[in-house]
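What follows is a single structure, written as structure tokens, with notes after it.
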Amino acid sequence: MNNRYSRQTLFAEIGKEGQEKLLSSSVLIVGCGALGAAHAETLARAGVGRLKIVDRDFVEFSNLQRQNLFSETDAKERLPKAIAAKNRLFEINSEVEVEAIVTDVNHSNIEDLIKDCDVIVDGTDNFQTRYLINDACVKHNKTWIYGAAVSSYGVTMTIIPQVSPCLRCIFEEIPGAGSSPTCDTAGVIQPIISIVSAVQTTEVLKILVGKTKSLHQSLMQFDVWQNDWRKIKLGVPNADCKTCGQRDFEFLEAENVEFSAVLCGRDAVQISPRATSDLDLRALAQKLKSFGEVKQNEYLVRLKYDVFELTVFRDARAIIRGTDDVSVARSIYTRLIGN
Ligand SMILES: [Zn+2]
């Protein structure tokens, strides 16, 4: 081993033995926005041997204020975040194996995504995906680390199935759509991302080196602007909890899956076909030219269509901007892409 990790192995809680464990570990990062990018950078620098990064979105200029891994070039090229992250992480630590997966995380792939990973970190921006991760991780007995940040406020909690309360033990029902502030409606500042992601990634390191006694065992809440830091001690799992008590994994059931979803305050709707496919993007771009201005790269096709902007990915998933009406988006999708 070269001296890349010398300052980390000098830290007695990790040491050389802990470093070996990190090098042979795998972590799944779900969502590579501000939190996910911060997780990825910290864990790659720390020498976690394998990182699997899954994200459905592409880099935009409005991301650059807080999403540390991305550059103006990534935004200009509209690179998928998972790919842009992988490129940047290779520059940071080429010894780490990074698997970039450009897809929407849903009931059909979550169990597969988590199965070969030691720990799962939450870098998502929505409750639907978090409840899905919670169901899958409890079902397969995987530790995951919940984290969220909006405005100057953040929250995190570490979930070890059957040992500590799961997400549903604490938040029984999923919050209604539009009931919580989002980064797009309330904004967000970068320092709260640093704080939440720092606590999350420290928990990952503790788990991977086997120092679980040092886990914070609480629901941590921070408001970096209001200078309010809280730590609510967690007890044991709730025996009546639907997920970890009754083992009713409803978010993994196909019939509960939305075909389309309004994207968190972005004036956009995502359409995810049930059946996965591998589109010929060049042919699609050609086909869409008669509707308006088309741009295409290796990963997506984008069309300006009337007041809308349609972005189609290779797996046939589409983001339709310019509406938050699912039926309008579906109709545009059906008209232009077919199903
Ligand atoms: Zn529970």
Side-chain angles (χ1 to χ4, degrees), residues 25-31 35-36 39 43 48 50-55 101 103-148 155-176 180 196-197 199-208 210-221 232-258 261:
S25 296
S26 292
V27 172
L28 172 66
I29 298 169
V30 187
L35 285 173
H39 302 144
L43 297 176
V48 170
R50 185 168 159 268
L51 296 176
K52 204 153 119 178
I53 301 173
V54 49
D55 190 279
I101 305 169
T103 195
D104 184 40
V105 176
N106 58 43
H107 77 288
S108 72
N109 56 16
I110 183 70
E111 291 178 79
D112 212 37
L113 285 167
I114 68 170
K115 77 176 175 212
D116 57 350
C117 293
D118 301 302
V119 181
I120 291 85
V121 205
D122 174 16
T124 68
D125 61 356
N126 67 86
F127 278 103
Q128 195 74 37
T129 313
R130 292 191 183 108
Y131 279 67
L132 183 75
I133 297 170
N134 190 57
D135 270 14
C137 286
V138 169
K139 182 175 172 187
H140 296 282
N141 202 28
K142 297 273 186 186
T143 297
W144 77 281
I145 298 156
Y146 160 61
V155 56
T156 180
M157 174 173 119
T158 299
I159 292 145
I160 306 178
Q162 308 307 330
V163 174
S164 65
C166 81
L167 189 68
R168 270 194 112 170
C169 289
I170 308 292
F171 308 105
E172 228 169 280
E173 293 304 329
I174 193 163
S180 317
V196 174
S197 67
V199 176
Q200 284 181 289
T201 48
T202 310
E203 295 281 281
V204 172
L205 297 178
K206 292 170 187 171
I207 291 161
L208 295 180
K211 298 290 170 71
T212 50
K213 286 205 176 88
S214 300
L215 294 170
H216 60 68
Q217 300 171 10
S218 58
L219 180 70
M220 282 199 176
Q221 296 170 303
I232 302 163
K233 208 77 190 150
L234 293 174
V236 292
N238 172 5
D240 297 327
C241 169
K242 203 156 181 184
T243 303
C244 69
Q246 301 168 25
R247 299 188 72 77
D248 176 357
F249 305 116
E250 63 179 329
F251 289 88
L252 298 177
E253 304 298 327
E255 56 265 30
N256 295 322
V257 173
E258 278 285 331

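Remember, it's a predicted structure, so these values are computed and weren't measured experimentally.
Under the 3.5 Å distance criterion, the side-chain polar atoms of Lys142 are left unmatched by any main-chain donor or acceptor of Ala136. The backbone N or O of Asn106 lies less than 3.5 Å from a partner atom in the side chain of Asn109, making a donor-acceptor pair. The backbone N or O of Cys241 sits nowhere less than 3.5 Å from a side-chain atom of Glu172 that would complete a donor-acceptor pair. Between the side chain of Lys52 and the backbone N or O of Leu113 there is at least one donor-acceptor pair closer than 3.5 Å. Remark: the backbone N or O of Val27 is not paired with any side-chain donor or acceptor of Asp118 at under 3.5 angstrom.
Considering Asn134, Val138, Ile159, Leu167 as possible partners of Cys244, the one that fulfils the side chain to side chain contact (heavy atoms under 4.5 Å, CB included) test is Val138. Applying side-chain hydrogen bond (donor to acceptor under 3.5 Å, both in side chains) to Asp122 and the options Arg130, Gln200, His39 leaves one that passes, Arg130.
Taking the side chain as every heavy atom from C-beta outward, Thr212 and Thr143 never approach each other to under 4.5 Å. The closest side-chain heavy-atom distance from Asp135 to Ile110 is not below 4.5 Å. Residues Leu35 and Thr124 have side chains not in contact (no heavy-atom distance under 4.5 Å, counting atoms from C-beta outward). Lys242 has its side chain out of reach of Arg247: every pair of non-hydrogen atoms, C-beta onward, lies at least 4.5 Å apart. Counting only heavy atoms from C-beta outward, the side chains of Leu234 and Ile170 approach each other to under 4.5 Å. Looking at Leu252 and Leu132, their side chains come closer than 4.5 Å, going by heavy atoms from C-beta outward. The side-chain heavy atoms of Val119 and Ile145, taken from C-beta on, include a pair separated by under 4.5 Å. Using a 4.5 Å cut-off on side-chain heavy atoms (C-beta onward), Glu203 and His216 make contact.
Taken from CG in Asp55 to CD1 in Ile101, the straight-line distance is 11.0 Å, to the nearest 0.5 Å. The CG atom of Leu28 sits 5.5 Å away from atom CD1 of Ile120, with the distance rounded to the nearest 0.5 Å. Atoms NE2 and CD, on His140 and Glu111 in that order, are 3.5 Å from each other to the nearest 0.5 Å. Going from atom CZ of Arg50 over to atom CG of Leu43 covers 13.5 Å, rounded to the nearest 0.5 Å. Distance check: Ile232 CD1 to Met157 CE gives 10.5 Å after rounding to the nearest 0.5 Å. Between the SG atom of Cys166 and the CH2 atom of Trp144 there is a distance of 8.5 Å, given to the nearest 0.5 Å.
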Next on the checklist: Between Phe249 and Thr243, does the side chain to side chain contact (heavy atoms under 4.5 Å, CB included) criterion hold? Intermediate values first, please.
Outcome noted: CA-CA 6 Å; Phe249 305 116; Thr243 303; 3.9 Å; yes

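Atom NZ of Lys213 sits in a sparse spot, with 12 or fewer heavy atoms from other residues, nucleotides or ligands closer than 6.0 Å.
Ring geometry for Tyr131 against Phe251 counts as tilted: the plane angle lies between 30° and 60°, on a 0 to 90° scale.
Residues that satisfy the side chain to side chain contact (heavy atoms under 4.5 Å, CB included) test with Ser214, not counting sequence neighbours, are Lys206, Lys211.
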